[in-house]
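Notes follow once the structure below has been shown.
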Amino acid sequence: MVVRGVRDAQERRSGRRWEYGLVACALCVAGLLVLHSAVPNWVGRLGSFLETFLPWLGAAVPLLGGVALLKRSVVGLLACLVPALAWFWMFGGLWFGASPGSYDLTVVQHNVADDKFDPSGTARALLGARGDLVAVQELTPAARAAYEDVLGGSLPHRAVRGTVGLWSAYPLSDVRPVDIRPAGFPDSWQRGLRATVAAPEGEVAVYVAHLPSIRLGATGLASAARDESAALLGEQIASDPAERLLVVGDLNGTVQDRGLDPLTSQLSAPDAGFAFSWPASLPVARIDHVLGKEVEVTEVSTLDSTGSDHLPIVGRVRLGS
């Protein structure tokens with residue numbers, strides 16, 4: 001009897017430790033979701049790294065819930081509701097967002113990859129989305145003619161600056177390069193343009209941008225150049241007199257990533273659709289964007305792979321009155 005009593009007491013203590021651990025893990029996940037901006041960025045840009053993959057923290061909820069069921073822990077299951085509710089509060093609208101209804105523009109965005117050997121096939125795939133605007137990055141001089149040939153019939157108006165391009169069904173004006181070069185980058189590094197699109201519902205300024213890539217290494221996330229470029233683009237957007245404005249491009253970051261704050265503080269993200277666009281083989285993050293100011297980007301979705309390391313995305317835009 002004494003041995004059995006000791007064994008029962010040990011099992012109860014072990015069960016409580018499991019329960020305490022489950023509760024602690026659940027609360028930690030909820031805290032990271034809600035308070036992600038409090039995670040410091042000065043250590044390997046850990047905060048930006050977390051924010052890049054923030055929606056995936058939700059995957060911890062079914063894992064913790066499964067452990068709670070195996071351990072028959074009611075307290076553990078209840079604790080799992082906390083991160084579940086936090087996730088749905090932050091991302092539920094993207095998952096369960098209503099149909100976008102009416103829209104005025106369809107915008108196709110794609111980093112076409114400068115090592116892609118079938119530019120005509122890629123251009124046909126983008127044209128098949130029936131976009132009013134098609135924006136591309138990593139456009140090489142050798143591939144440009146193929147895009148002009150395929151897209152030019154339906155989208156006769158174009159603007160190309162450096163390695164970024166915009167094809168439009170509507171006339172373009174005030175086309176100019178946008179200098180978003182971080183310090184130390186050569187003059188030949190041209191990855192931004194601005195144009196005014198004369199859409200039937202009224203003019204809208206469109207920026208096409210390709211921010212510097214980020215790398216994950218032994219010292220953490222290398223995103224300083226991307227962040228500097230985002231700040232330069234943000235300054236130009238802030239001073240732009242256009243009433244309505246779109247930013248389209250490969251921004252090499254998610255809208256949760258604080259490195260893009262100079263942009264996301266001024267621009268609204270889509271109301272529906274995760275549209276993870278990178279990497280194309282197993283998409284885990286949307287780093288390709290259609291963002292708006294004084295317009296509503298109602299939805300984003302992805303297209304099939306073109307062979308690039310990015311998936312194309314399609315945004316629906318309501319310009320309003």
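These values consider heavy atoms only, across backbone and side chains, with no hydrogens, waters or symmetry-generated copies. Model, not experiment: these values are computed from the prediction. We count residues from 1, following the sequence as given.
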Using every non-hydrogen atom in the two residues, find where [X] and [Y] come nearest and quote the distance to one decimal.
{"X": "G165", "Y": "L193", "result": "CA-CD2, 4.1 Å"}
{"X": "P262", "Y": "G259", "result": "CD-O, 3.6 Å"}
{"X": "A275", "Y": "V300", "result": "CB-CG2, 3.7 Å"}
{"X": "A159", "Y": "V175", "result": "CB-CG1, 3.5 Å"}
{"X": "V295", "Y": "R244", "result": "CG1-CB, 3.6 Å"}
{"X": "L260", "Y": "L211", "result": "CD2-CD1, 3.8 Å"}

Linked, directly or transitively: [X] and [Y] (ILVMFWY side chains, under 4.5 Å):
{"X": "L35", "Y": "F88", "value": "yes"}
{"X": "V247", "Y": "V178", "value": "yes"}
{"X": "L50", "Y": "V29", "value": "yes"}
{"X": "L94", "Y": "L57", "value": "yes"}
{"X": "V284", "Y": "L32", "value": "yes"}

Separation of [Y] [atom2] from [X] [atom1] (nearest 0.5 Å):
{"X": "H289", "Y": "T254", "atom1": "NE2", "atom2": "OG1", "value": "6.5 Å"}
{"X": "L46", "Y": "N41", "atom1": "CG", "atom2": "CG", "value": "7.5 Å"}
{"X": "K293", "Y": "L263", "atom1": "NZ", "atom2": "CG", "value": "11.5 Å"}
{"X": "D174", "Y": "E203", "atom1": "CG", "atom2": "CD", "value": "9.0 Å"}
{"X": "L77", "Y": "R72", "atom1": "CG", "atom2": "CZ", "value": "12.5 Å"}
{"X": "C28", "Y": "L33", "atom1": "SG", "atom2": "CG", "value": "10.0 Å"}

Please tell me if the side chains of [X] and [Y] come closer than 4.5 Å, counting only heavy atoms from C-beta onward.
{"X": "L27", "Y": "V82", "answer": "yes"}
{"X": "T306", "Y": "P312", "answer": "yes"}
{"X": "S120", "Y": "R124", "answer": "yes"}
{"X": "L267", "Y": "V297", "answer": "no"}
{"X": "L172", "Y": "V197", "answer": "yes"}
{"X": "Q266", "Y": "L245", "answer": "no"}
{"X": "Y147", "Y": "V134", "answer": "no"}
{"X": "T264", "Y": "Q256", "answer": "no"}

Between D257 and S48, a side-chain donor and acceptor under 3.5 Å:
yes

(Q) What I want to check is whether the side chains of T122 and H110 have a donor and an acceptor closer together than 3.5 Å. (A) no

Salt-bridge contact [X]-[Y] (side-chain N to carboxylate O under 4.0 Å):
{"X": "R194", "Y": "D240", "result": "yes"}
{"X": "E19", "Y": "K71", "result": "no"}
{"X": "R258", "Y": "D227", "result": "no"}

Determine yes or no for a side-chain-to-main-chain donor-acceptor pair under 3.5 angstrom, with [X] supplying the side chain and [Y] the backbone.
{"X": "S239", "Y": "Q236", "value": "yes"}
{"X": "R191", "Y": "Q137", "value": "no"}
{"X": "R144", "Y": "L139", "value": "no"}
{"X": "T140", "Y": "A143", "value": "yes"}
{"X": "S229", "Y": "I180", "value": "yes"}
{"X": "E243", "Y": "E294", "value": "no"}

Checking L251, D288, D250 against H210 for side-chain contact (heavy atoms from CB on, under 4.5 Å), the one that qualifies is D250

Fill in: Residues R45, R226; criterion side chain to side chain contact (heavy atoms under 4.5 Å, CB included); working and verdict
CA-CA 12 Å; R45 298 188 181 267; R226 190 278 313 271; over 6 Å; no

Parallel, tilted or perpendicular: which one describes the rings of F276 and F274, with boundaries at 30° and 60°?
tilted

What is the ring orientation for F91 with W87, classed by angle as parallel under 30°, tilted 30 to 60°, or perpendicular over 60°?
tilted

TODO: Could you walk me through whether L126 and W167 pass the side chain to side chain contact (heavy atoms under 4.5 Å, CB included) test, one step at a time?
DONE: CA-CA 11 Å; L126 301 181; W167 274 260; over 6 Å; no

- Query: Considering residues, nucleotides and ligands other than D304, do more than 12 of their heavy atoms fall under 6.0 Å from its CG?
  - Reply: no

What verdict does the side chain to side chain contact (heavy atoms under 4.5 Å, CB included) test give for L232 and D179, after you've listed the backbone C-alpha separation in whole Å, the side-chain angles of each residue and the deciding distance to 0.1 Å?
CA-CA 8 Å; L232 292 170; D179 189 358; 5.8 Å; no

- request: List the steps and the verdict of side chain to side chain contact (heavy atoms under 4.5 Å, CB included) for V204 and V317.
  value: CA-CA 11 Å; V204 56; V317 180; over 6 Å; no

Check your understanding: Can R158 and S168 be said to form a side-chain hydrogen bond (donor to acceptor under 3.5 Å, both in side chains), step by step?
Key -> CA-CA 6 Å; R158 70 176 183 272; S168 172; over 6 Å; no

